[in-house]
Amino acid sequence: MTRVNFMLFLAVLASALYLVHVQYQSRRLFTALDRATLDAHRIETEREQLELEKRRQATAQRVEQLAHDRLQMRTATPAITDYVTLGRNGTVAAVEAGATRAAQGREVQGRLGGVNLPRGLVNADTGAAKERR
């Protein structure tokens with residue numbers, strides 16, 4: 001009987017040690033899961049802040065301000081705009097802003113060199129029709 005009691009004592013002791021080990025692993029894994037959840041929450045909050053910053057940086061007013069300050073760009077106005085039109089005889093003509101009526105029909109010289117024009121348009125430099133390829 002002593003042998004059976006001793007074997008049962010060893011079995012209970014082994015199962016108790018295994019139970020302690022499993023509980024330790026469980027607590028360790030729970031702590032790791034809790035840390036991962038907190039990290040995920042922190043990362044999600046940071047992502048939302050970055051999205052908000054991205055939207056703030058991309059506003060039209062900010063882009064216009066940066067274009068004006070850093071790139072020295074200016075707003076297009078009719079006073080500084082050149083319009084290119086197709087003349088009656090098939091030639092390309094330019095109408096510049098502020099030009100007089102007499103000068104409105106003059107042909108574009110050197111502005112469209114090397115440009116492939118749609119079928120039926122004439123290059124003002126050479127007078128030859130260009131075909132689109």
Side-chain angles (χ1 to χ4, degrees):
M1 197 70 168
T2 332
R3 255 185 164 173
V4 173
N5 286 339
F6 184 70
M7 292 301 273
L8 287 174
F9 175 73
L10 286 179
V12 168
L13 186 62
S15 66
L17 288 175
Y18 181 71
L19 181 64
V20 169
H21 175 69
V22 167
Q23 284 181 342
Y24 172 75
Q25 289 292 345
S26 174
R27 286 184 184 137
R28 193 173 61 84
L29 290 174
F30 181 77
T31 304
L33 177 66
D34 193 39
R35 281 188 194 134
T37 304
L38 289 174
D39 284 345
H41 185 4
R42 181 186 51 80
I43 289 171
E44 181 65 23
T45 303
E46 185 177 340
R47 185 191 66 79
E48 289 173 358
Q49 288 174 349
L50 289 173
E51 285 289 329
L52 181 66
E53 181 68 19
K54 182 174 88 171
R55 277 188 249 125
R56 189 183 70 78
Q57 293 287 334
T59 60
Q61 182 181 9
R62 175 144 173 85
V63 171
E64 187 175 335
Q65 185 68 32
L66 288 174
H68 179 65
D69 294 343
R70 291 189 183 169
L71 302 175
Q72 274 68 37
M73 295 177 83
R74 60 184 180 197
T75 306
T77 63
I80 61 170
T81 305
D82 291 339
Y83 298 95
V84 177
T85 60
L86 180 62
R88 289 185 186 210
N89 59 357
T91 61
V92 176
V95 179
E96 294 186 13
T100 62
R101 274 217 183 264
Q104 284 183 353
R106 72 172 188 247
E107 293 185 8
V108 177
Q109 297 296 323
R111 291 188 185 185
L112 299 176
V115 174
N116 289 333
L117 300 174
R119 188 179 304 241
L121 293 183
V122 176
N123 187 339
D125 291 338
T126 63
K130 291 245 182 184
E131 302 232 358
R132 203 171 264 239
R133 296 178 192 180

Taking ILVMFWY side chains as joined if any heavy atoms are under 4.5 angstrom apart, and letting links pass through other members, which residues group with L19? none
Less than 4.5 Å apart, side chain to side chain, heavy atoms only: is that true for R42 and T45? no
Can you sort out the partners of Q65 under side chain to side chain donor-acceptor pair (under 3.5 Å), two or more places apart, ordered by chain and number? D69
Pairwise distance CD(E48) to CD1(I43) - rounded to 0.5 angstrom: 12.5 Å
Could you tell me which residues satisfy side chain to side chain donor-acceptor pair (under 3.5 Å) with D34, sequence neighbours excluded, listed by chain and number? none
Which atom pair, heavy atoms only, marks the closest approach of E64 to T75? OE2-OG1, 4.1 Å
Under the 3.5 angstrom rule, does the side chain of S26 hit a backbone N or O of V22 as a donor-acceptor pair? no
Tell me, please, which residues at least two apart from R56 pass salt bridge (Lys or Arg N to Asp or Glu O under 4.0 Å). E53
Quick check on Q57: does its CD atom have over 12 non-hydrogen neighbours (other residues, nucleotides or ligands) under 6.0 Å away? yes
Holding to salt bridge (Lys or Arg N to Asp or Glu O under 4.0 Å), I want the full list of residues that pass it with R47, two or more places apart in sequence or in another chain. E44
With ILVMFWY side chains joined below 4.5 Å, transitively, what does L8's cluster contain besides itself? V4
Q61 CD: over 12 foreign heavy atoms closer than 6.0 Å: no
